[in-house]
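Every chain is numbered from 1, with letters handed out A, B, ... down the list of sequences.
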2 protein chains.
Amino acid sequence: MSGGFILVADDEPAISELICTSLEMSGFQTRRAANGQIALQMTINDRPDLVILDWMMPMLSGLEVTTRLKRDERTSDIPVILLTAKAEEDDKIRGLDAGADDYVVKPFSPRELTARVKAVLRRSGGSDTEKPLEASGLQFDPTNLVCRINDQPVTMGPTEFRLLEFFLRHPNRVYSRSQLLDRVWGGNVYIDDRTVDVHIRRLRKAISVDDHERMIQTVRGAGYRFSPDFKSEV
Amino acid sequence: MSGGFILVADDEPAISELICTSLEMSGFQTRRAANGQIALQMTINDRPDLVILDWMMPMLSGLEVTTRLKRDERTSDIPVILLTAKAEEDDKIRGLDAGADDYVVKPFSPRELTARVKAVLRRSGGSDTEKPLEASGLQFDPTNLVCRINDQPVTMGPTEFRLLEFFLRHPNRVYSRSQLLDRVWGGNVYIDDRTVDVHIRRLRKAISVDDHERMIQTVRGAGYRFSPDFKSEV
DNA sequence: ACCCGCTTTCATAAAAATGTCACAATACCG
DNA sequence: CGGTATTGTGACATTTTTATGAAAGCGGGT
């Protein structure tokens with residue numbers, strides 16, 4: 001699973017090597033920058049999911065890079081973790097003031113840094129502010145990953161769950177198998193079209209309470225359509 | 001001891017640092033948000049026990065955030081303290097009118113703020129209350145560190161105890177392993193996600209009397225959920 | 001320094017989900 | 001009414017995720 005793409009900027013190769021290795025072991029992709037100038041460039045060009053900056057770097061300090069990244073609207077949403085040898089409380093405030101999302105004091109354990117990376121990504125990223133959805137007695141709670149029909153919980157696999165969520169958000173419209181693959185599975189997957197059939201079937205089976213599986217209609221030669229108000233359509 | 005989990009929203013890092021530090025010294029866990037938008041998101045996602053909002057913030061003012069939180073049934077029960085530089089009586093009324101539970105004028109002493117936080121939590125029956133909790137025959141007494149099932153005492157380690165307390169206070173909701181680490185272990189600890197599994201297992205074993213372990217459900221790919229009335233759902 | 005209880009990590013077993021396939025069922029067309 | 005194209009289904013190998021037992025760590029007392 002691609003945990004994300006992280007830019008590591010440290011002028012000491014030994015340290016950036018250490019960091020990158022441990023991040024890669026946790027499933028992240030990494031790229032290195034040897035100084036602040038390069039780090040800034042690469043961040044703007046590549047838009048990594050997170051940037052780790054050493055405070056003390058030639059050309060441009062980590063602090064300075066942070067400030068610039070946060071001032072540029074193209075990059076201000078990219079989380080930054082500052083690395084520093086200084087343990088001063090005052091520096092911490094300066095770091096956070098510049099807009100850093102976290103602050104790690106050297107020496108640090110690779111494990112700690114990885115954990116912080118995950119924590120920052122978690123906090124800055126996913127915000128499922130979704131309220132439950134509802135359609136013809138089918139209640140769908142994306143936050144709790146729960147789906148009920150007439151208050152009876154129904155169970156399904158994660159993929160079927162995402163598929164149902166997509167349908168609920170895009171009702172009354174036909175989607176081809178490849179469209180569904182793109183939108184539910186994600187862009188760059190190489191999966192057989194027909195696999196969608198199988199998941200459709202699993203989803204139908206899962207919601208086959210009180211005829212709710214009829215909400216998912218097969219459109220021959222085109223794909224599938226979800227109709228919340230299937231009952232009146234007969 | 002876990003006095004509760006508090007979200008601090010202020011766009012000035014120096015101030016949020018000050019607030020967080022003093023709250024942490026009083027045994028609270030804290031998290032920061034740099035603007036109103038983020039504060040709103042985090043409150044909905046993380047359900048802190050209390051939110052401290054600066055009135056003047058970029059993106060979304062503290063007042064606006066208060067209004068929205070109180071209007072959303074998912075968050076309307078979370079107490080809010082508004083911080084403001086304005087001392088106008090009129091503002092105070094507007095703040096309380098929006099649903100804020102208390103109102104503190106800058107500059108304030110950390111001591112005062114902490115005291116107000118405690119007061120608000122006490123008043124709203126917040127998380128630092130020590131009254132016993134109960135769920136489907138499982139009695140939980142935080143004061144005496146005792147847990148019983150059908151009046152039979154059950155024993156568990158301290159961590160499992162805190163975990164159970166958290167679940168009892170936040171039922172029917174999925175929490176990821178990282179979220180549980182943040183909220184049960186505390187924000188500044190960095191341990192492996194999988195460790196949670198082990199504690200879940202020990203907690204399950206501990207309460208596996210009369211099928212009570214079924215209250216803790218595994219949500220594949222997401223985390224765990226505590227459902228007090230799982231038994232009746234079958 | 002040593003023990004003891006608890007926590008964390010690790011290795012491995014077990015369970016669940018996923019993607020494919022072969023074949024059955026069904027719809028469409030002339 | 002075939003014939004053909006398309007979709008439905010059950011089975012299965014593989015991959016991913018979780019459960020579990022055991023060992024290593026850690027910190028507080030004695």
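Under 4.0 angstrom from either OP1 or OP2 of D:dG10 there lies at least one side-chain N or O belonging to A:Arg201. Contact annotation: A:Tyr190 does not reach the phosphate of C:dT20 (side-chain N/O to OP1 or OP2, under 4.0 Å). Distances shown here put every side-chain N or O of A:Tyr224 at or beyond 4.0 Å from the OP1 or OP2 atom of D:dT6. Side-chain nitrogen and oxygen atoms of B:Arg177 include at least one within less than 4.0 Å of the OP1 or OP2 phosphate oxygen of D:dT18. For A:Trp185, a side-chain nitrogen or oxygen approaches OP1 or OP2 of C:dG19 to under 4.0 Å.
Put simply, CG on B:Asp192 is 12 Å from P on C:dA11, counting in whole angstrom units. One can place CZ of B:Arg204 at 13 Å from C1' of C:dA15, the figure rounded to the nearest angstrom. Between A:Leu181 atom CG and C:dG19 atom P there is a gap of 9 Å when expressed in whole angstrom units. We find that CG of B:Leu203 is positioned 13 Å from P of D:dT20, with the value rounded to whole Å. Summarising the geometry, the separation between CD on B:Gln217 and P on C:dA15 is reported as 19 Å, rounded to the nearest angstrom. For the pair B:Leu163 CG and C:dC6 P, the interatomic distance rounds to 16 Å; values are reported in whole Å. If you measure from atom CG of B:Asp193 to atom P of C:dT9, you get 10 Å, rounded to the nearest angstrom. Rounding to whole angstrom units, NE2 of residue B:His199 and P of D:dT18 are separated by 17 Å.
Side-chain N/O atoms of B:Arg220 and base N/O atoms of C:dA17 include no donor-acceptor pair closer than 3.5 Å.
The residue among B:Thr159 and A:Arg202 whose nearest nucleotide of DNA chain C is located toward the 5' end is B:Thr159. Annotation: of the two residues near DNA chain D, A:Val219 and A:Val198, the 5′-most nearest-nucleotide partner is A:Val219.
The pair B:Asp192-B:Arg177 does not count as a salt bridge, with every side-chain nitrogen at least 4.0 angstrom from each carboxylate oxygen. Using a 4.0 Å cut-off between charged nitrogen and carboxylate oxygen, A:Arg148 and A:Asp151 do not count as a salt-bridge pair.
Among the nucleotides D:dG8, D:dG10, D:dG21, the one closest to the side chain of A:Lys205 is D:dG10. In the set D:dG10, D:dA19, D:dT18, the nucleotide with an atom closest to the side chain of B:Arg194 is D:dT18. Nearest to the side chain of B:Asp197, among C:dT18, D:dT20, C:dT9, sits D:dT20.
For the ring pair (Phe, Tyr, Trp, His ring centres under 6.0 Å) condition, the pairs that include at least one residue of residues 134-161 of chain A, sequence neighbours left out, are A:Phe140-A:Phe161.
Counting non-hydrogen atoms under 4.0 angstrom, A:Thr218 reaches the backbone sugars and phosphates but no base. Within 4.0 Å (heavy atoms only), A:Phe161 reaches no atom of the nucleic acid at all.
Side chains of A:Arg204 and A:Thr218: a donor-acceptor N/O pair is present below 3.5 angstrom, by distance only.
When all heavy atoms are compared, the tightest approach of B:Arg183 to B:Gln29 is O-NE2, 3.4 Å.
Across B:Phe166, B:Phe226, B:Phe167, a single residue satisfies ring-ring contact (aromatic ring centres under 6.0 Å, His included) together with B:Tyr175, and that is B:Phe166.
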